[in-house]
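Read through the structure below, which is laid out as structure tokens, and then see the notes.
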Amino acid sequence: MSIGKTTATTGFDLRDFIVKYGFILVTVILFVWFASTEPTFRMQNTLFSMLKFTSVVAITGLGVTLTMVVGGLDLSVGATAGLSVTLSAMTMVIYAQTGPVALIVVLLGGALVGLFNAFLIVVLKIPDLLATLATMFTIMGLKLVPVDGQSVSSGLILRDGSVAPGRFTEGFLLIDRAYIGPVPLPVAIFFSLAFVVWIFLTRTRWGRVMYAIGSNPEAARLAGVKVQRYRALAYVLSGVFASIGGLILSSRIGQGDISAGNSLLLDAVAVSLVGTSVLGMARPNAWGTTLGAVLIGIVITGLTIKGFPYYAQDVVKGLVLLTALIFSFTLSRRKSRFVPAV
Amino acid sequence: MSIGKTTATTGFDLRDFIVKYGFILVTVILFVWFASTEPTFRMQNTLFSMLKFTSVVAITGLGVTLTMVVGGLDLSVGATAGLSVTLSAMTMVIYAQTGPVALIVVLLGGALVGLFNAFLIVVLKIPDLLATLATMFTIMGLKLVPVDGQSVSSGLILRDGSVAPGRFTEGFLLIDRAYIGPVPLPVAIFFSLAFVVWIFLTRTRWGRVMYAIGSNPEAARLAGVKVQRYRALAYVLSGVFASIGGLILSSRIGQGDISAGNSLLLDAVAVSLVGTSVLGMARPNAWGTTLGAVLIGIVITGLTIKGFPYYAQDVVKGLVLLTALIFSFTLSRRKSRFVPAV
Amino acid sequence: SQGTSDTATGADEGTVAEATGTKPAPFDAGPVKIAIVQNSGAGDYFQQWTNGANKQAEAIGFEVQVYDAQADNAKQATDMETAIGSGVAGIIVDHGQADTMCPLINKALDAGIPVVVYDVATAECAPQAVTTQQSDASLAQAVLDQMALDLGKDAKVGYVNVLGIAPLDRRHVVWEAIVKANNWSQSFFVGKFTNSVATDNAQLVDAALKKSPDVVGIFAPYDELTKGAVSGIESNNLQASIKAYGIDISNADIEIMTKEGSPWVATAGTDPNAIGAAVVRNMALEIAGQLGVKSVDFPGVLITAQFLKDNAVKNMVDLRAKLPELNLASVSGADWIPAVQF
Amino acid sequence: MVSAVEVRNISMAFGSNQVLTGVDLTIDKGQTTALLGANGAGKSTLIKILSGVYSSFTGEILIDGKAVTIDSPTTAKAAGIETVHQRIDEGVIPGLTVAENLLFERIVSGEISRTVSLKTIVNEAEKIASALDLKWSKSKLRNDVYELGIAEQQMLILARALSRSPKLLILDEPTSALSNAESQNLFKFIKNLESQGIAILYVSHKLSEIEQLAKNLVVIRDGKIRNEQSSPFSWDLALKEMLGQQELGQRNNFDYIQGNEVALKLEGVKLFKESSAFDLEINRKQVTGIIGLLGAGKTELAKVIYGADNLISGNMKFDGKNYKPTHPSDAVSSDIYLVPEDRAADSMIPNWSIAHTATLPFMGEFSVKGMIKKVSESIRGKQLVDDLKVVTTSHEAIVDSLSGGNQQKVVVGRWLQSKPKMMILDEPFRGVDIGARRDISKRVRDLAATDVAVLVLASDVDEILDVADRIIVLVEGKVVMDVNAGETSKEKIVNKMSEVA
Ligand SMILES: Nc1ncnc2c1ncn2[C@@H]1O[C@H](COP(=O)(O)OP(=O)(O)OP(=O)(O)O)[C@@H](O)[C@H]1O
Ligand SMILES: Nc1ncnc2c1ncn2[C@@H]1O[C@H](COP(=O)(O)OP(=O)(O)OP(=O)(O)O)[C@@H](O)[C@H]1O
Ligand SMILES: [Mg+2]
Ligand SMILES: [Mg+2]
């Protein structure tokens, strides 16, 4: 344990500053670098479309964050988002239902996956990681059974030889394409959800209790907290958030792409984990997840505009991550208790 | 604290039996089912090629198990195995070196990645999951930089326009193809390593100490354990194990396939996690990881031979996992402290 | 153990022509076992390919064992070994890496098992195997000729591709030649291969277009990449000024191409069902000793969005009806083979 | 007498909090030196310096007259200093068996590296356990250590430390989780060690123990040594130096209150599978003390009433109505509260501030429509710090950074600040100094006076006599004595406790 020198309490402590704001600093520096060298990057248009792409990862990551707060980790979010894409396509294309029906089906689907996870974890007592891993495999396969492993698009020929009667409705497609003022709808959804989760976790009793559960579930239980209910709640919310991500994906692709959501898990977990280090909080939090997602969005967009090949983007992504982490953990005096130690 | 029923100690307790042997039972039942319905499945050849296929996941999983034992989790193993494939290809194809040189380069590469992880975790104090995640992104990109994102195969055109002078040596290709008696070499390597890790973890003081670190690092430190050294050791070993997996992969593919190792992470983590539930041990262990890998090998091979499409295989994989988990956790009276709660 | 994919949705049942001739050995003595060793069975293209192959195999009287490596080159090698050991009369290798598969193909040939290869460059390393291919060069040439016609000389163009994957590399060669011949200037070259290609590339193209909104055409020689490119164009609202060119065709692709104002104006394709069937016919002829050639090409056909709209093509069934060149029923036939027509 | 270990001019600070200032201390061979100080005085910090846990202190440590560098637990052990830390969770390692835990240091040091099988380890462990008169069966030794109760865990880490032969053995409040009988066992063993020339540094808040064991007494306050004595000790002086300006609350010379209204009624309750059933009535407006040896079932009883453990058989009535809690939340909503015995495992949330810890069970009260009332929360935190004289920088301080006794004050105090109908306190005095103990006792009695049924569970007779109106002795899950406190004596209670049911 390192003991800091007794600095004058009113003085400016560079180290503390970096621990708290290092991550944000990295984000800002990258942003300024891209903005000053690439005129394209500073266009409002570019910024919004960057946020729009980030929104899916971010929203899904917010759900993951909730499960991390209660001491778990939802590995099934990518698969859930993928399921949502297939579900929405099936509802509209195969069963020729309206957009709102698809929307409800998708959200219900997400909640159901969450409930299933909760059942495995809370009732069957399977450890979180294992339970959600099993769920992941199961729904990744299951979603393809009714469609025999094919993407669902209008014109699809059904088992009975007829042609699928429906198509993605215009209204549904608007989820990704609409604007609220100058702000794309997915971005608006992303920021609203981030705000709600932030308030929920930091300002409400439920959020407080969830953090308690994540750190010491037994102490929470003995303080009269219904631990299992909160854990179930976190997984259901995570499922719903993933399905909102899937909804946006589905509306963006405009068809029941079978591969959608596959690469989402790692990114969503990454942003939530990275988010733990923002502001030196050393615990999962909504603001951190948001910033983590935005940072990764900036890196990918900036480097693409600069013409870096995809593998160079991976390298930079890794290095930026590392820098942020060093700021938050290496320099911090505080032991991080909150970060999942696995 | 739950008080165990004092059942007559000599009596047979079905529940205990299932908790202990349920997982093995599932494996055996599946095996018998496949063997009795599919003649192809019972051929010695099929069994060995199943084990051969499993060996890469299993060996990598053994490394992951070691990091889980010290309370961490190495997320960079898939990328490390992929790096090994590229490294071996570069050594032999671009630099026209011999097989043994490639072997040494690969193992050194794996150890270096492990050291780098250890550095991040032990010296820079970055939490395990975050550190190995950053390493994962970094080396996934980094390995592609010297080869401009291309797979390295003989006949590759280099940057200066010349043709790569070397090729995969016959000796190197033997790593995957040789036999020891009737046993394919990768299978022999797999079982030897599993045995060594098992002995190491259960029969040596280092193994016991590593479990202690995973369970209560502060108590271990106060008892005089050099905690950081052991953690570093676990990550270095994990890197080396992943590179052995990569070596077999490389020899099997016979070229510097850029996508090699991509799907390894999830599988390796899955078998290690699943392994925690074998024999009701509720902690990461070599025997469990081995059995987990074999079980997944049986499922995949059996279902392929039965002609199930890939998505049905995912469903079954998920369900088998769930069954095993329910046996181990739902029915167990013992609280598992060792399983990563994240 | 018949694959279940013959019940696929959208699986085109096809019509079976009457066979007139008498079956040669070994087909006269009951079902003949063959194996299909696939690099990947996932995605629309491969689902249809496998469907076609299964239909034709059933008509001929093959008992088929399908091995699906799920895009894992190393697993494909293992599958090949299992297939060789399982006592089949012939093996079809569908995609994969030449370096990986050649030694194993030769092993099969040495064991007296005829091998038909689809889309793997094995002509040099396994000269005794029958190679069949969807001619990548002809596909790329067909669509790029159209692109050159549309854009004229000296145009600014964008390119979305991932090198290191054999068929994409072959298409790349044609692209480079066309760019040079027409003196096009390539404003960007992006692309990444993940497990959700369409969504992940959309973000890259979007960013690239922010920088170079003045390109008039984008070539993305793989339909998943093309989907990503289309999304990128649309999210920049540039569909009026940028035309997209792709390769491959499926129900989902038809939907996108025929959408009002779609930037995707032309693609080149084959009918994967028909190809799968033709490859199986080649296998039958080779087993019967009647094939006589070592290489069979399936030429690509240019398909423009205009053509699709003019003929009210909604899906693959309509397309086959309007574009009989796609159907390969007359390729590699014999009087004793009941050719399947889609 | 020869000094075994000498400490010169040791100072240490946590951030801006100067915890030790120029401490000099001499610990003699073959004797027990007691270290006395109020909660937060710096005892554990000094001990952690000696045992190599903290390395960034200034000053010198001499062993056998030679200066040594102690900067890690390994170097401390190498120098012959063995320590039993105050926090039990810094000692036991869940996931390993009891036997492995007992032998853990030997495993670490490689002394038994060739002992590969668990069987050998179990045999060896049996010997170590028997040194402290622990008759642990082989099957118990094979169990996960996690299945031991807290007192047994304390015995385990003591046995582990005693199995070494150090130059200096440091015991930081080793008896706070032990009952008298076990403590006496421990003392016998300590005497034995003294005769072998081993120096002992002993930290305790129990004056009687110090009186019984120690030759030398060192009093520490606010990180400075204030007083050194050799036995016989002058306790007045020692306590005055220990508490400084603070007044020591009078020993409670109270009038026993005989609550006559039944609050909680237990009928045919069985605590363990094979223990016999009993009936019990707990009265309002009275402090009921329940005492028993370790494993007697005190904690079990508390948890059953609180809904934290399932009732094996029998039923309960609270306020005349059937009461069947299945979860602690049921108890809390009936206004029945529990202060659990193991503060680290059962009460503290790592990295939480005092204020947050204080309000956790009462979130409903501290929020409107779910939104937390930050101001009231911080007022509650401040009150807690003031009321229980918690030694800390502020109510925003992280609970982990408090001294053990002050942590205990926080987790007890947070429940005392509420308005229960029934309050159960399991070992509430664990680790608190004598001043705080009297403060807590007084508050508990004040609470009972406001018509509350109070149940205090402890294994220390003095503690119980200090607070209870009625005393119940529990042996092996069964009530064997139930009397008014005024009508019994310490001896009678002790005799009953060790009776076989
Ligand atoms: N008769 C018994 N049958 C089964 N288990 C018992 C029995 N007696 C004691 N135990 C075990 O001992 C443990 C200790 O019981 P409990 O915690 O209630 O005791 P306690 O009186 O609070 O003692 P302490 O807290 O001092 O250890 C119980 O959880 C149980 O596992
Ligand atoms: N890790 C830490 N970080 C910050 N402050 C600490 C830390 N550990 C202890 N302190 C502070 O140091 C002071 C002395 O604590 P210490 O644990 O040495 O007291 P103690 O004499 O052992 O008290 P107790 O009798 O309650 O165990 C306390 O004010 C405490 O808040
Ligand atoms: Mg202390
Ligand atoms: Mg107790």
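Chain letters run A, B, ... following the sequence lines, proteins first and then strands; every chain starts at 1.
Environment of CZ in B:R167: sparse, with no more than 12 heavy atoms of neighbouring residues, nucleotides or ligands closer than 6.0 Å. When the shell of 6.0 Å around CZ of C:F189 is examined, it contains more than 12 heavy atoms from other residues, nucleotides or ligands.
Scanning all heavy atoms of the two residues, the minimum distance from B:M43 to C:S86 falls at CE-CA, 3.6 Å. Between B:G307 and C:Q65, the shortest heavy-atom contact is N-NE2, 4.3 Å. Annotation for C:D99 and B:G254: closest pair CB-O, 3.4 Å, computed over non-hydrogen atoms.
With a 4.5 Å cut-off on non-hydrogen atoms, C:K33 touches chain B through its side chain but not through its backbone. Only the side chain of B:I300 comes within less than 4.5 Å of a heavy atom in chain C; its backbone stays farther off. Interface remark: B:S153 contributes backbone and side-chain atoms alike to the contact with chain C (heavy atom separation under 4.5 Å). Only the side chain of B:Q313 comes within contact range of chain C, with heavy atoms under 4.5 Å apart. Both the backbone and the side chain of B:I253 come within less than 4.5 Å of a heavy atom of chain C. Only the side chain of B:R177 comes within less than 4.5 Å of a heavy atom in chain C; its backbone stays farther off.
Options C:L104, C:V162, C:D72, C:N73 differ in how many heavy-atom pairs under 4.5 Å they form with chain B, and the most are formed by C:N73.
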Please table the atom pairs, donor to acceptor, closer than 3.5 Å between any side-chain atom in residues 259-271 of chain B and protein atoms at least two apart or in another chain.
{"from": "B:S259", "atom 1": "OG", "to": "B:D257", "atom 2": "OD1", "distance (Å)": "3.1"}
{"from": "B:S259", "atom 1": "OG", "to": "B:D257", "atom 2": "OD2", "distance (Å)": "3.4"}
{"from": "B:N262", "atom 1": "ND2", "to": "B:S259", "atom 2": "O", "distance (Å)": "3.3"}

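In the model, C:T82 has a side-chain atom that pairs as donor or acceptor with a side-chain atom of B:S49 under 3.5 Å.
Residue C:T100 holds its OG1 atom at 10.5 Å from CZ of B:R252, rounded to the nearest 0.5 Å. The line from CD of C:Q47 to OH of B:Y310 is 6.0 Å long, rounded to the nearest 0.5 Å. Note: B:I258 CD1 to C:F193 CZ = 9.0 Å, rounded to the nearest 0.5 Å. To the nearest 0.5 Å, atoms OG1 (C:T78) and CG (B:L51) are separated by 11.0 Å. The CD1 atom of B:I305 sits 9.0 Å away from the CG atom of C:D79 when rounded to the nearest 0.5 Å. Annotation: the span from B:T304 atom OG1 to C:K75 atom NZ amounts to 4.0 Å, rounded to 0.5 Å.
The backbone N or O of B:N45 sits nowhere less than 3.5 Å from a side-chain atom of C:E81 that would complete a donor-acceptor pair.
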